[in-house]
Amino acid sequence: MRRHIEPFWWALFSSGGTLAAFFLPVLIFIMGIAIPLGWIESPGYEKLFALVSNLHIRVFLFSLISLSLFHWAHRFRFTLYDGLQLKHLNRLIAVLCYGSAITGTLMTGYILIIFSSH
Amino acid sequence: MNEQITLEVLRYRPEESSKQIYQSYDVPFKKEWVILDALNYIKDELDGTLSYRWSCRMGVCGSCGMMVNGEPVLSCASFLETFHPGPIRIEPLENFPVVRDLVSEMSDFMEKLERVQPWLIRKDEDPPEGEYLQTPSQLMDYKNYSMCINCMLCYSACPVYGLEPSFLGPAAIALGQRYNLDSRDQGEKIRNAVLSEDDGIWQCTLVGECSAVCPKDVDPAAAIQRLKVSTTVDFFKSFLMPWQNR
Amino acid sequence: MPDNHEYIKYHPRWHRTPIPVFWWIQKWVYIKFILRELTSIAVMSFALVLLFHVRALIQGPQAYSDLTELLSTPISLILHSIALISLLYHSITWFSLAPKALTVRIGKWRIPDQLIIGMNMLAWIFISFVIGWLMVTM
């Protein structure tokens, strides 16, 4: 039996979609709208720095960011396929989408690892 | 009481023209008439050249599927009254080649149904004395998927099938899952190998229209999603517990 | 098509209708579908924004206050609002479709689809309030 890689991408897609659905709306609202508009007072640099220094928080942020990227990569790949009928560019699109997500994941990992040395 | 309603029927007669054209027919508007009754009236009284498939006229045989005002429906189960005052657009099922008028070519669908091996697969070849026993709750596990009448409305509603005709499609995958979930069956592994091929479940982007248009309330979208989950679990299991591969 | 076609003397000339490129604007359900799929762009963008937040924290207080300034510009507020609407749509559609993939059983009883959706939504609201409360009281 030939083994397909598709279940692997789908697992990343669906876990990313679930994390994004639970956590991103409130984070966007607080960090991108409520704090800039002054509805909520910003905790300030020191407290946020201490927060992200926490290992659990960094592991969580890594999962959230990386899986969100993979969620996008998988969904957007099919949006291009079906929405613009680009099936003939199948391979190129897959490489670009998943490649960007992998690059983003490496960057996230790097940034969160050097955070611990600060 | 002689109210009429207009049907605009998309016709295709390859011996006359390679193009499809709309032809209008005025038929009596009767409350108790379904679209199929109106088509039969046209065929009997107005234009004997109109071609369409039908058989049972009671939502069981699955042969009278067509597009009515852009939606795939069984013409025997759609009342004229719903579309009053008209005109009503009647077109052949979308995503299938048209043979003539409202008759679509379905051998692709038939081949796909066969491909999922929709029969009980047993490891032991000797059938039991009598029958395989099954409890009502085991029946409930797959009953929904066994209600399919092969009317192909789900294929017509599925943009993925339209774009990628090699896609195995909703009804065939739901039928495969129907046998997978049957307590008497032991062929899940064999069937899933077919269902998770490149033109199988992974093509699906969960538009969800297959389930929405099904006249028998089968839920092919759910069948496909659950297969994605179980195939994914098997995929990771085969890495974590490689000794289980056969 | 199966290969074992029998010979047909007068092969029917089938009519095929090509799918238009913009098939997804032809029906309301397809528009809703494509909008759902496009929410992934907002997911990806905000994931990167989160990453910029973390990077600014590393770079020091100056970089962080620069980022704060950038975030209060009208363009940023508009983009974040669009992202918020997209993500709300993503969350609602995601939880609504969850029962398609999940069947949860307690003994012989299968949890009804509506209950699975409801529990997901409640968990979502709960998580949002907890995070909001933590940020306010931090």
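Owing to the predicted nature of the structure, the values given are computational and were not obtained by experimental measurement. Throughout, a chain's letter reflects where its sequence line sits, starting with A, and its residues are numbered from 1.
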Peer 1: For C/Ser81, is it the side chain, the backbone, both or neither that has a heavy atom under 4.5 Å from a heavy atom of chain A?
Peer 2: both

Peer 1: What are the two closest heavy atoms between A/Phe22 and C/Trp124, and how far apart are they?
Peer 2: O-CD1, 3.4 Å

Peer 1: For C/Leu57, is it the side chain, the backbone, both, or neither that has a heavy atom closer than 4.5 Å to a heavy atom of chain A?
Peer 2: both

Peer 1: Does A/His71 use its side chain to pair, donor to acceptor, with the backbone of C/Ser40 at less than 3.5 Å?
Peer 2: no

Peer 1: Under 4.5 Å from any heavy atom of chain C, what part of A/Ile111 do you find: side chain, backbone, both or neither?
Peer 2: both

Peer 1: Less than 4.5 Å to any heavy atom of chain A: does that hold for the side chain of C/Ala123, its backbone, both, or neither?
Peer 2: both

Peer 1: For A/Ser68, is it the side chain, the backbone, both or neither that has a heavy atom under 4.5 Å from a heavy atom of chain C?
Peer 2: both

Peer 1: Main chain of A/Ala21, side chain of C/Ser91: is a donor-acceptor contact present, judged purely on distance under 3.5 Å?
Peer 2: yes

Peer 1: Against chain A, label C/Phe33 side chain, backbone, both or neither, depending on which of its atoms sit under 4.5 Å from a heavy atom there.
Peer 2: neither

Peer 1: Checking A/Leu48 against chain C: side chain, backbone, both or neither under 4.5 Å from a heavy atom?
Peer 2: both

Peer 1: Would you mind checking which part of A/Leu27 comes under 4.5 Å of any heavy atom in chain C, side chain (CB onward), backbone (N, CA, C, O), both or neither?
Peer 2: both

Peer 1: Mark yes or no for whether A/Gln85, through its side chain, and C/Phe22, through its backbone, hold a donor-acceptor pair below 3.5 Å.
Peer 2: no

Peer 1: Non-hydrogen atoms of chain C under 4.5 Å away: do they reach the side chain of A/Ile65, the backbone, both or neither?
Peer 2: both

Peer 1: Does any backbone or side-chain atom of A/Ser66 lie under 4.5 Å from a heavy atom of chain C? Answer side chain, backbone, both or neither.
Peer 2: neither

Peer 1: Which answer fits A/Phe13, side chain, backbone, both or neither, if we ask what part of it has an atom under 4.5 Å from a heavy atom of chain C?
Peer 2: both

Peer 1: Give, for atom CZ of A/Phe29 and atom CG of C/Leu87, the distance between the pair rounded to the nearest 0.5 Å.
Peer 2: 13.5 Å

Peer 1: Given a strict heavy-atom distance threshold of 4.5 Å, which part of C/Trp24 is in contact with chain A: side chain, backbone, both, or neither?
Peer 2: side chain

Peer 1: Check whether C/Leu79 gets within reach of chain A through its side chain, its backbone, both or neither, counting any heavy atom under 4.5 Å.
Peer 2: neither

Peer 1: Identify which part of A/Thr18 has an atom lying under 4.5 Å from any heavy atom of chain C, answering side chain, backbone, both or neither.
Peer 2: both

Peer 1: With rounding to the nearest 0.5 Å, note down the distance linking CG in C/Leu77 to CG in A/Leu37.
Peer 2: 5.0 Å

Peer 1: Please flag which part of C/Ser128 lies under 4.5 Å from any non-hydrogen atom of chain A: side chain, backbone, both or neither.
Peer 2: both

Peer 1: Where does C/Ile41 contact chain A at under 4.5 Å (heavy atoms): side chain, backbone, both or neither?
Peer 2: both

